[in-house]
Number of protein chains: 2
Amino acid sequence: MTTDKKDSTEQKILDAAQKVFIQKGMDGSRMQEIANEAGINKALLHYYFRTKQKLFEAIFKKLIQTAIPDIKEMFFSELSVEKKIAAFVDVYTDLLYNNPYLPLFVLREINRDPHSLAAIMKNQGINPGEVLSVFEKEMAQGNIRRADPRDLLINILSLSIFPVAATPLLSEIFFNGEANEYRDFLRERKTSVKEFILNSITLR
Amino acid sequence: MTTDKKDSTEQKILDAAQKVFIQKGMDGSRMQEIANEAGINKALLHYYFRTKQKLFEAIFKKLIQTAIPDIKEMFFSELSVEKKIAAFVDVYTDLLYNNPYLPLFVLREINRDPHSLAAIMKNQGINPGEVLSVFEKEMAQGNIRRADPRDLLINILSLSIFPVAATPLLSEIFFNGEANEYRDFLRERKTSVKEFILNSITLR
DNA sequence: GTCTATATGGCGATAGAC
DNA sequence: GTCTATCGCCATATAGAC
């Protein structure tokens, strides 16, 4: 490679914008702060991305993709449903361990502008129907406890995502604000969450 | 009563500010919009609350109190631990059914200004220790499955709060953006959540 | 207490030199 | 492509009449 994309100005802007937007959101972020973070000046931001809105959308789309792990291989594998769920919790826990700001960022911005969501989500091919039908089949076969499959999926997502989204709150409550201790706690929680789910759906 | 507090200017401001802040957050809200919502002008906002920051803090403190149901009577009752948990899920589900914006508002603003949290929380006397020790005792007595009591509490909170906080996302995914249908779904979910938790913690 | 008018500063965006 | 300088607007906040 003759040009090192990692060090290109455009890439520096994207990195800086992601860092600022993910923490402070669209409304709370300033172009000046992004420019400082990137080590350039404001004018250059507009030269590359024209408006704050367009810069934000570039970051948002990228992060939405990050936030959706590839569940297809998991749910269309030959694994038992218990193993599929366990694998999903593992993947999602690791993903959010490395991107702890992601959940709150996505929730905040989707709430701010719900319309932009629909369009972007269609592009990402989000389709819970396939996962739900796996659950339905397993329930019909008597492999797991019968329930509304949407509830089961929402429960799995809740247990995986909320503890990360609520980090500032929960680390204060349980660890007197020591975010690093809470972070360690979350990683160890992986096993416990899988047990919690499996204990609940396994027939006795 | 000679003065009707409900119709006082101060109360109109507080109502309007809550409506705007809870939806758009501190950063996304405008004093002009709050003034319009209250049917007054901007200057009067500052006459009563001096700064946007102080007005926001008044709302934030009030909403934090709203967000924390009185769990003492529940957890110090003579009910079985299963019934205590079920009662908690009931209370919290109803609370959030009536205040669906609350979870995301609290998470967003605590993330924005984590320092303000600690002080306010101390004032509210939030002390999970008492709930945790109830769980510990029940686990020691073999009434419920042994686990880290913090995990159990976080699981209960996750299952109760996340589905509400993620309403714009989940109503899009499961109900094509029909928020009212999703809202109904959440209410019916109450039973399912209680079953999910109890199935998981009950010994076989 | 409530209003209109205005001060003050900051932010997104652009012009234009290099 | 990158910079400095600046425009134009909008938001918070204040002054001052009533």
Side-chain angles (χ1 to χ4, degrees), chain A residues 1-63 105 108-109 111-113 115-116, chain B residues 1-62 105 108-109 112-113 115-116:
Chain A
M1 294 194 273
T2 51
T3 57
D4 193 341
K5 268 208 168 180
K6 281 278 164 66
D7 286 343
S8 73
T9 300
E10 184 168 353
Q11 193 56 45
K12 279 194 291 188
I13 292 174
L14 288 172
D15 290 345
Q18 171 164 334
K19 184 171 173 186
V20 176
F21 278 139
I22 208 170
Q23 232 209 63
K24 308 199 172 182
M26 169 71 173
D27 291 336
S29 297
R30 299 291 160 250
M31 294 296 266
Q32 183 62 60
E33 187 177 358
I34 295 172
N36 293 345
E37 184 73 32
I40 57 168
N41 56 41
K42 270 192 304 179
L44 215 45
L45 293 181
H46 289 95
Y47 174 80
Y48 277 90
F49 292 91
R50 232 169 63 81
T51 67
K52 181 185 180 183
Q53 178 64 28
K54 287 190 191 304
L55 176 56
F56 177 79
E57 280 166 13
I59 302 296
F60 185 73
K61 278 181 194 160
K62 183 179 156 235
L63 288 178
F105 172 79
R108 177 182 31 192
E109 302 305 333
N111 181 70
R112 192 181 64 84
D113 183 8
H115 286 295
S116 72
Chain B
M1 297 196 270
T2 51
T3 57
D4 192 342
K5 266 206 167 178
K6 281 278 164 67
D7 285 344
S8 73
T9 299
E10 185 168 353
Q11 192 57 45
K12 279 193 292 189
I13 292 174
L14 287 171
D15 290 345
Q18 170 165 333
K19 184 171 173 186
V20 176
F21 278 139
I22 209 171
Q23 232 207 70
K24 309 200 170 178
M26 168 71 172
D27 291 336
S29 297
R30 298 293 161 246
M31 294 296 265
Q32 184 62 58
E33 188 177 359
I34 294 172
N36 293 345
E37 185 72 33
I40 57 168
N41 57 41
K42 273 190 301 180
L44 215 45
L45 294 181
H46 289 94
Y47 174 79
Y48 277 91
F49 292 91
R50 232 171 60 81
T51 68
K52 181 184 181 183
Q53 178 64 26
K54 288 190 192 303
L55 175 57
F56 177 79
E57 281 166 13
I59 301 297
F60 185 72
K61 279 180 194 162
K62 184 180 155 233
F105 171 80
R108 177 179 44 200
E109 301 305 334
R112 193 180 63 83
D113 182 8
H115 287 296
S116 72

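So you know, we letter chains A, B, ... as the sequences are listed, proteins then strands, and number each from 1.
Although no hydrogens or angles enter the test, the distance criterion places no donor-acceptor pair under 3.5 Å between the side chain of A:R30 and the main chain of A:A35. For B:K52 (side chain) and B:M26 (main-chain N/O), a donor-acceptor pair under 3.5 Å exists by modelled atom type.
Between A:I40 and B:S29, the residue whose closest nucleotide on DNA chain D is further toward the 5' end is A:I40.
Following rounding to the nearest Å, A:F49 (CZ) and D:dT2 (P) show an atom-to-atom distance of 12 Å. Rounded to whole Å, atom C1' of C:dC11 lies 15 Å from atom CD of A:Q53. Atom CE in B:M31 sits roughly 10 Å away from atom C1' in D:dA11 (whole-Å rounding). Per the geometry, CZ belonging to A:F21 stands 12 Å off C1' belonging to C:dG12, to the nearest Å. Whole-Å rounding puts the A:L44 CG to C:dA15 P distance at 16 Å. Protein atom CG of A:D27 is 14 Å distant from nucleotide atom C1' of D:dC10, rounded to whole Å. Atom CZ of A:R50 is separated from atom P of C:dA15 by 12 Å (rounded to the nearest Å). The NZ-P distance, from B:K52 to D:dT12, rounds to 5 Å in whole Å.
If you check C:dC11, D:dT12, C:dG1 against the side chain of B:Y48, the one that comes closest is C:dG1. Here the nucleotide nearest the side chain of A:A43, chosen from D:dG1, D:dT4, C:dA13, is D:dT4.
For A:N41, a side-chain nitrogen or oxygen approaches OP1 or OP2 of D:dC3 to under 4.0 Å. Contact between the side-chain N/O atoms of A:H46 and the OP1/OP2 oxygens of C:dA13 is found at a separation under 4.0 Å. In this structure, B:Y47 does not reach the C:dC3 phosphate: none of its side-chain N or O atoms is under 4.0 Å from OP1 or OP2. Checking the phosphate oxygens (OP1, OP2) of C:dT2, a side-chain nitrogen or oxygen of B:T9 falls inside 4.0 Å.
Ion pairing of A:K54 with A:E57 is absent here, as no side-chain N (NZ or NE/NH1/NH2) approaches a carboxylate O to less than 4.0 Å.
For the residue pair B:D15/B:Q11, the side-chain donor-acceptor check at 3.5 Å is satisfied.
How far CZ of B:F49 is from CZ of B:F56: 13.5 Å, rounded to the nearest 0.5 Å.
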